[in-house]
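Single-structure report; data block below.
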Amino acid sequence: SIQLAARASSEGIAFSLEDLFEHDTVAALAAALQCGEVTAVEQIETSAFGMLDRNDLALLLEEA
């Protein structure tokens, strides 16, 4: 499911994973997309190690 959503997103088609599970076939999901019945997906930019605390990141970099 995550691969399908990622592939669709790379083609400019956005839907949530909840939408994917709510519509049991690709045809049903496509119909929901056409009707605008899907959840808006917020794109979140992340960076490598972006969720680490500064102190933990510093310790990690010291060990490298």
Side-chain angles (χ1 to χ4, degrees):
S1 60
I2 293 171
Q3 287 180 349
L4 178 62
R7 229 179 223 185
S9 178
S10 71
E11 296 294 325
I13 303 168
F15 54 86
S16 69
L17 291 178
E18 290 83 6
D19 291 320
L20 184 58
F21 289 110
E22 185 175 312
H23 302 90
D24 19 354
T25 65
V26 173
L29 179 59
L33 285 163
Q34 286 182 332
C35 295
E37 298 175 356
V38 294
T39 307
V41 177
E42 180 181 337
Q43 295 293 333
I44 299 172
E45 295 292 324
T46 59
S47 63
F49 308 109
M51 296 180 71
L52 286 178
D53 176 85
R54 283 187 201 178
N55 296 329
D56 291 336
L57 182 58
L59 289 172
L60 183 63
L61 293 174
E62 284 177 13
E63 293 177 8

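Contact check for L29 versus L33: side-chain heavy atoms found under the 4.5 Å cut-off.
Cluster annotation: I13 is connected to V38 through the hydrophobic network of ILVMFWY side chains, with a link wherever side-chain heavy atoms come within less than 4.5 Å.
Atom CD of E11 and atom CZ of R7 lie 9.0 Å apart (nearest 0.5 Å). With values rounded to the nearest 0.5 angstrom, D56 atom CG is found 11.0 Å from L61 atom CG.
The minimum heavy-atom distance linking H23 with A32 is given by the pair NE2-CB, 3.3 Å. Between L17 and A5, the shortest heavy-atom contact is CD2-CB, 3.8 Å.
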